[in-house]
2 protein chains.
Amino acid sequence: MAKKKVSAADAPACEITCLHEDVLKRVGHGLTDPEVLRWVAALFKVMGDPSRLKIVNALILSEMCVCDLAALLKMTPSAVSHQLQILRQSDLVKWRRDGKIIYYSLDDEHVSNIFYQGLVHVNEKHHP
Amino acid sequence: MAKKKVSAADAPACEITCLHEDVLKRVGHGLTDPEVLRWVAALFKVMGDPSRLKIVNALILSEMCVCDLAALLKMTPSAVSHQLQILRQSDLVKWRRDGKIIYYSLDDEHVSNIFYQGLVHVNEKHHP
DNA sequence: TGAACATCTGAACAACTGTTCATATATTAG
DNA sequence: CTAATATATGAACAGTTGTTCAGATGTTCA
């Protein structure tokens, strides 16, 4: 996202004349609450980065420490740690400490559900 | 995403000594194909922008033209058109022309499935 | 045809993103 | 305590993103 000038709330629609008023009235009431929608977008955004999705993919299969993930995914431990922080802040992963090692795992099964839904979509789109 | 130096393929894992070899072996074979995973990440990325998700949310309820979407979502028609182009390129929406007006709608029910999965996750996370 | 409208497109810009590097913190072993 | 290891964190940088603006297509109708 980028700018956010004053125009957003008033000007943009003022020249539009091809509206379907009936549709707008009906749909307007069915829209998801804007704040909830921002949360959903944030969730997809987090899962929309290849590195993070690789981490999610790995954690679906087993809990793992940062070093395991780094070795498995060919990333630096620092990069993994940064992405895990984002996954942590979004409540997508949880962790437990065992001595020096911190084990990460998925926070709930919704995450893997969403992952598999995306997988099904892609498989059906990109297969004959 | 950003840089992509030479280090990614060789160096990062060379100093790591805390590996759980058994886990890596087992999980390594269960990982989703990297190319498929990139497609899935791209799908989530497209749905991870608030403006685009608002458009998806609206199109779940009814097909609409650019002007309808612009008025409903308080965006300029140009901004809507740019985002629709991205949704089109990702095969998330389809369109039909009727005279001057182009009507957009969701390309298949996977998109709404994914949307609702995200919604369920957020509702259960952010509710008491 | 030419005016009017709906939509698309390209350039430009600020805001944001993911990685790297260097360094800090935390935990254990000796 | 100190050394060693595992992870976290902050700054910096290049690449990317979404919007706006101006203008280009395409379509209809008089």
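Bear in mind the structure is a predicted one, so any value in this text is a computation, not a measurement.
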By side-chain hydrogen bond (donor to acceptor under 3.5 Å, both in side chains) - contacts of B:Lys125 (at least two apart)
A:Asp107
Find the distance B:Asp49:CG to C:dT17:C1' and express it as a whole number of Å.
14 Å
Does the C:dC21 base have a donor-acceptor partner in the side chain of A:Thr76 within less than 3.5 Å?
no
Report, as a single string ordered 5' to 3', how protein heavy atoms within less than 4.0 Å touch nucleotides 25-30 of chain D: B base, S sugar-phosphate only, - not at all.
-SBS--
Whole-Å gap separating C1' (C:dA26) and CH2 (A:Trp95):
11 Å
So A:Tyr103, base contact, sugar-phosphate only, or nothing? Heavy-atom distance under 4.0 Å.
nothing
If the cut-off is 4.0 Å, is A:Tyr104 near the phosphate of D:dA8, judged by side-chain N/O to OP1 or OP2?
yes
Donor-acceptor pair, distance only, cut-off 3.5 Å: does the side chain of A:Lys94 make one with the backbone of A:Tyr104?
no
For A:Leu84 and D:dT9, give me the distance from atom CG to atom C1', rounded to whole Å.
14 Å
Just how far, in rounded Å, is P of C:dG18 from CG of A:Leu73?
15 Å
According to a strict under-4.0 Å criterion, is B:Ser51 in side-chain N/O contact with OP1 or OP2 of D:dG18?
no
Nearest-angstrom distance from the residue atom CD of B:Gln89 to P of D:dG18
12 Å
Distance, rounded to the nearest Å, where A:Arg96 contributes CZ and C:dA26 contributes P:
21 Å
Partners passing salt bridge (Lys or Arg N to Asp or Glu O under 4.0 Å) against B:Arg97 (at least two apart in sequence or in another chain)
none
Does the side-chain ring of B:His82 sit on the six-membered ring of the D:dT19 base, less than 5.5 Å centre to centre and under 30° in tilt?
no
Please tabulate, one pair per line, all N/O donor-acceptor pairs under 3.5 Å involving side-chain atoms of residues 110-119 of chain A, not counting sequence neighbours.
from: A:Ser112; atom 1: OG; to: A:Glu109; atom 2: O; distance (Å): 3.0

Within the structure provided, determine whether A:Leu84 and A:Leu87 are in side-chain contact (heavy-atom separation under 4.5 Å).
yes
Taken to the nearest whole Å, CE/B:Met75 to C1'/D:dT19 is 8 Å
Could you list the cluster mates of B:Tyr103? Members are the ILVMFWY residues connected by side-chain heavy atoms closer than 4.5 Å, either directly or through other members.
B:Ile101
Note: for A:Ala79 and B:Gln85 on DNA chain C, the residue whose nearest nucleotide lies more 5' is B:Gln85
Atom CG of B:Leu87 and atom P of C:dT7 are separated, to the nearest Å, by 15 Å
Please state whether the base of C:dC8 and the side chain of B:Ser78 form at least one donor-acceptor pair under 3.5 Å?
no
Below 4.0 angstrom from OP1 or OP2 of D:dT17, is there any side-chain N or O of B:Gln83?
no
Is any side-chain nitrogen or oxygen of A:Arg52 closer than 4.0 Å to OP1 or OP2 of C:dT17?
no
Check the phosphate of C:dT17 against B:Lys45, side-chain N and O only, distance under 4.0 Å to OP1 or OP2. Yes or no?
no
Distance-only criterion, 3.5 Å: show the donor-acceptor pairs between side-chain atoms of residues 22-39 of chain A and protein atoms not counting sequence neighbours.
from: A:Asp33; atom 1: OD2; to: A:Glu35; atom 2: N; distance (Å): 3.3
from: A:Asp33; atom 1: OD2; to: A:Val36; atom 2: N; distance (Å): 3.2

